[in-house]
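Chain naming here is simple, since letters A, B, ... match the order of the sequence lines and numbering starts at 1 in each.
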Amino acid sequence: MVSSDQLPKNYDFAEVEERWRNTWRDEDNFFDKNSKKPQFIIDTPPPYPTGNFHIGNALNWCYIDFFARYKRMKGFNVMFPQGWDCHGLPTEVKVEELNHITKNDVSREEFRRMCRELTEKNIAAMRITLRKMAFSTDWSNEYITMTPKYYSKTQLSFLRMLASGYIYQSEHPVNYCTRCETAIAFAEVSYDDRETQLNYFDFDGVEIATTRPELLAACVAVAVHPNDDRYHKLKGKSMKVPLFGHDVPVVQDEAVDPAFGSGAVMICTFGDKQDVHWWKQHNLDLRKAIDRQGRMTAIAGKYQGLDTTACRTAILDDMKAKGILHRQEKLAQRVGTCWRCKTPIEILSERQWFVKIKPDEIQKAAHQIAWYPEHMLRRMENWVDQMEWDWCISRQRIFATPIPVWFCKKCGEMTVPDEKDLPCDPTLTKPKHPCKKCGSTEFEGEVDVLDTWMDSSISVLNVTHWDGSGKPPYFPAQIRPQGHDIIRTWAFYTILRSVALTGSKPWDQILVNGMVLGEDGFKMSKSRGNIIVPEDILVKYGADALRQWGAMGAATGSDIMFNWNDVVAASRFQTKMWNITKFALIQLEKGGFDKNTEITALADRWLLVRLSDTIEAVTTAMEEYQFDVALKAIREFAWDVLADNYIELVKGRLYQQDGSRAGACLALHTAFDSLCRMLAPFIPYFAEECYSYLNPGQSVHKQPWVSFTYDDDAARKEGNTLVQVVAEVRKYKHDNNLALNAPLGKVTIYAPHSVNDEGDTGRTINADVHWRTDVAKLDRAITDIDFNRSVVGKTFRKDAQAFMDAVRALSPAELEKPPKTIKINGVETPLPADAFTPKFSYMEEGAKVDVLTVGDVIVTIAKKE
RNA sequence: GGGCUCGUGGUCUAGUCGGUUAUGACGUCGCCCUUACACGGCGGAGGUCGCCGGUUCGAAUCCGGCCGGGCCCA
């Protein structure tokens with residue numbers, strides 16, 4: 001044990017946190033392949049390496065670290081890997097910005113090198129924050145998706161899904177961002193409100209309303225509702241498209257809303273998702289009027305080369321000139337945009353690669369996973385239910401995993417590399433064998449690359465070593481922690497891929513955390529100026545305070561508002577705990593403690609039973625990932641039970657030098673040791689620091705989770721009463737304008753059982769205290785009756801009111817000694833025990849005393865003259 | 001328009017498979033520098049638990065409707 005005078009007066013988080021950060025070793029957190037302990041593998045989210053670990057990440061990682069540390073203490077072989085999801089557009093855009101280039105100004109290889117370089121720099125910066133936050137990362141299982149080691153696994157998964165028929169290529173309409181020049185998946189489409197114009201014009205004699213006149217060249221049909229009398233005559237006819245002159249059929253479809261516009265709509269390839277539906281349904285022509293850059297194609301005739309906006313203006317002008325534009329109306333509209341650049345997306349028909357979505361097997365696997373909180377499963381169900389198209393996985397970009405496929409230049413046959421030859425960039429290398437179909441050795445490598453979700457959706461397969469021979473040795477993982485914003489992407493794609501590649505669910509449990517909102521209650525954003533970065537909090541209050549905010553800010557799973565108050569309160573709790581540590585050390589070094597001391601004093605028994613209750617509650621909460629409940633219970637025990645009540649009760653005894661202090665020393669040590677262990681997952685630096693003073697050279701993080709139990713119902717009840725008696729006496733002093741340490745004279749406590757308080761009560765309230773079990777010899781009168789409504793209501797139901805009236809009508813003697821039955825509404829009814837308690841007022845003969853009652857305990861106070 | 005979720009003192013929040021006086025923090029007011037702690041202790045004030053209706057002896061809690069936030073999706 002370290003001497004108490006070596007403890008600094010104040011807790012210096014900056015010094016302590018840095019010291020332990022430099023002391024702890026990475027190896028202590030490594031997953032042990034040879035361990036016999038049960039495994040607990042965490043499918044940690046690989047963040048996008050922006051260079052800044054933001055507060056949302058911090059919350060997510062706090063949760064992970066809480067249970068990772070808890071599970072280690074509970075005897076699990078924990079893997080807490082750290083991944084980095086590198087590929088994708090944001091980095092490409094950043095590289096273009098920083099170097100003042102566009103991707104086409106340098107070679108693909110050079111551009112990739114620039115992206116890798118930036119990413120490495122960003123990862124290095126983020127690792128520093130992770131370490132400062134004291135996350136118990138398993139750095140031996142770090143993965144970086146842009147490395148050949150990782151993306152060869154992405155490619156392997158691609159080849160296997162290609163072989164099993166999950167992956168196919170096809171020409172199909174896809175969401176396309178013409179600014180980024182790439183296809184995107186539905187999950188990457190966001191929706192913005194905007195106002196547009198609905199244009200009514202003459203279409204070969206019929207009025208049609210459209211918001212997208214520029215697509216006239218791509219018109220392939222006119223649709224009307226089958227029951228719309230106005231257009232019966234058009235059935236089976238064809239019509240001539242104005243300005244362009246090609247003929248299109250008239251089709252009938254229930255989905256046409258006769259009340260919208262003129263009730264007749266033009267179908268174009270493609271204005272929106274509905275057009276795609278109709279196009280498939282009615283087997284219509286394909287007319288591509290917009291190219292990958294968002295410009296009009298040759299099919300648009302004289303409008304060729306214009307962008308869509310210019311084309312719209314030109315066509316409307318021409319309509320006006322021809323006199324066929326009837327009128328224009330304003331229309332509120334939701335438009336799909338690229339999540340990254342906010343450019344409105346186009347639906348283009350393209351040859352792309354797709355992954356088959358099989359809703360049933362995804363639903364089945366999703367239901368085999370335990371969701372925390374449970375209702376988050378609904379989001380997955382709803383998303384899977386409304387999937388219409390397969391997942392488009394090809395992207396026309398550069399910084400991403402290459403699609404490992406070649407096509408024969410002669411016959412078009414597809415060739416793939418052997419699994420052992422991965423990774424592979426087909427744009428740089430050639431297949432090892434000639435074309436199987438025609439024998440040619442001339443190949444063209446696929447230039448498209450993979451959606452980054454193809455990388456990250458195998459994170460769990462990667463950490464469980466799925467690519468090893470045979471069955472994945474560690475698969476499935478135990479838990480996936482993630483935010484609810486990416487349920488429809490990361491969680492969805494992971495389940496899909498896991499089922500496709502292994503036939504099984506990816507994890508046993510999924511823990512979904514909420515979003516972090518700014519102090520003003522809104523989503524953090526640059527424009528609102530409400531962004532809080534973890535580094536700010538680390539500098540001002542330290543990692544432990546930030547971690548406490550993460551645990552206590554809100555119930556697990558709900559959105560959490562950032563609040564400096566919570567951080568300040570967390571830091572104050574540490575100050576309080578620091579002082580408890582100093583007190584414990586000062587007391588324990590006086591004579592140590594003996595594990596075999598018999599605990600007899602009520603206060604000591606009470607502390608131990610309350611500790612036991614707390615440990616049980618905290619353990620239950622940890623098992624359910626209710627970190628707010630767990631930390632709240634710990635804080636309450638430390639501050640309220642231990643510091644404000646227990647220590648106040650026994651400090652007088654501890655100051656003495658006789659044998660009566662031994663029990664208090666043991667109780668104090670037990671509580672303090674347990675607190676350090678329970679706090680270890682939440683505030684690892686602080687818990688380590690406190691623990692180290694009592695146990696030099698030992699780490700609290702290598703200790704098992706607390707298992708202390710203490711069963712003593714009487715101590716719980718009597719101790720609570722004792723605490724209340726002290727509180728009542730303090731209030732009495734307060735009400736009588738007495739100082740809290742004012743001497744009180746003789747105080748008699750009449751309790752139902754004899755109590756051994758070792759003199760604690762008398763010293764605490766500064767009085768000459770006498771405990772008695774006999775009945776107080778006082779004149780008393782009944783002033784009121786307390787009913788126990790939970791008993792009365794359950795027993796009498798409708799007659800509860802009548803019962804209470806009947807009791808009030810009893811004589812004082814009957815109230816003190818209740819009869820067996822009571823007459824309610826004229827019926828003799830059994831009188832249940834505990835239905836009511838009479839309230840008495842007491843007077844002692846002659847002597848002037850004040851009387852306090854606490855439950856069934858009576859306290860008389862004879863004031864000192 | 002649909003789905004999910006939330007609405008509790010000035011602010012944030014616990015409680016939500018009904019049950020005695022609705023939890024805690026911050027703020028606020030009063031008293032107290034008691035040998036761990038004034039970054040503290042003790043005590044107080046402050047709430048028609050969004051609104052309306054229903055079920056019940058009893059509703060913050062269950063049911064229905066409405067109003068208002070947030071998120072996801074059409």
Side-chain angles (χ1 to χ4, degrees), chain A residues 4 7 9-11 186-187 189-191 272-274 334 336 373-383 385-388 483-488 514-515 517 519 521-523 541 552-555 557-587 626 628-629 632-633 635-636 639-640 642-645 647-648 651-652 654-655 668 726-727 729-735 737-742 763-764 766 786-804 834-837:
Chain A
S4 63
L7 263 78
K9 180 162 170 53
N10 295 312
Y11 180 73
F186 268 110
V189 178
S190 58
Y191 295 85
D272 58 20
K273 239 164 99 181
Q274 184 63 50
R334 275 201 91 126
E374 213 185 331
H375 68 80
M376 291 296 178
L377 171 59
R378 297 288 96 71
R379 297 199 183 194
M380 176 63 77
E381 290 174 337
N382 294 343
W383 177 245
D385 270 349
Q386 52 95 64
M387 293 301 310
E388 291 182 67
H484 64 61
D485 55 331
I486 50 174
I487 287 175
R488 68 197 176 111
M515 301 292 104
L517 307 174
E519 277 201 291
F522 292 98
K523 207 177 212 171
Y541 294 95
M552 294 265 285
S558 51
D559 289 350
I560 167 171
M561 223 184 280
F562 180 77
N563 189 348
W564 280 107
N565 269 345
D566 290 345
V567 179
V568 173
S571 148
R572 280 193 198 160
F573 170 66
Q574 284 163 203
T575 302
K576 189 71 187 180
M577 262 312 287
W578 183 242
N579 284 302
I580 293 173
T581 305
K582 279 197 288 183
F583 181 81
L585 209 54
I586 290 166
Q587 297 312 322
Q626 295 178 332
D628 57 327
V629 174
K632 212 165 281 179
R635 277 206 211 173
E636 191 187 311
W639 206 317
D640 186 49
L642 178 60
D644 289 349
N645 286 307
I647 290 179
E648 288 304 320
K651 69 205 284 187
L654 284 164
Y655 294 155
L668 187 61
V726 171
V729 172
R730 279 181 186 146
K731 191 164 177 243
Y732 169 87
K733 286 186 174 179
H734 190 266
D735 292 347
N737 285 324
L738 294 168
L740 284 178
N741 58 351
R763 284 184 294 264
T764 304
N766 195 11
D786 275 345
F787 287 98
N788 184 339
R789 290 180 176 272
S790 63
V791 172
V792 173
K794 261 184 202 148
T795 313
F796 296 101
R797 305 276 161 190
K798 275 182 211 231
D799 299 324
Q801 204 56 47
F803 168 77
M804 291 192 284
D834 304 327
F836 65 88
T837 319

Would you indicate which nucleotide in [options] comes nearest to any side-chain atom of [X]?
X	options	result
A:K632	B:U13, B:C37, B:G70	B:U13
A:I647	B:A74, B:A36, B:C26	B:A36
A:N563	B:C12, B:G40, B:A38	B:C12

Remember a base hit wins even if backbone is also touched, and classify [X] as base, sugar-phosphate or nothing at under 4.0 Å, heavy atoms.
X	value
A:Q386	sugar-phosphate
A:D485	nothing
A:A643	base
A:K731	sugar-phosphate

Does a side-chain N or O from A:W578 land closer than 4.0 Å to OP1 or OP2 of B:C39, or not?
no
Okay, side chain of A:D559, backbone of A:G514: is any donor-acceptor separation there less than 3.5 Å?
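Absent.
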Let me check I have this right: for RNA chain B, each base becomes ., (, ), [, ] or |, based on Watson-Crick or G-U pairs with both distances under 3.5 Å. What is the full string?
(((((((..(((......[....))).(((((.......))))).....(((((..]....)))))))))))).
On RNA chain B, compare the nucleotides closest to A:L642 and A:D628; which residue's is nearer the 5' end?
A:D628
Return whichever of A:I580 or A:N382 has its heavy-atom-nearest nucleotide of RNA chain B closer to the 5' end.
A:N382
Letter by letter from the 5' end, nucleotides 57-64 of chain B scores (B base, S sugar-phosphate only, - none; protein heavy atoms under 4.0 Å) B-------
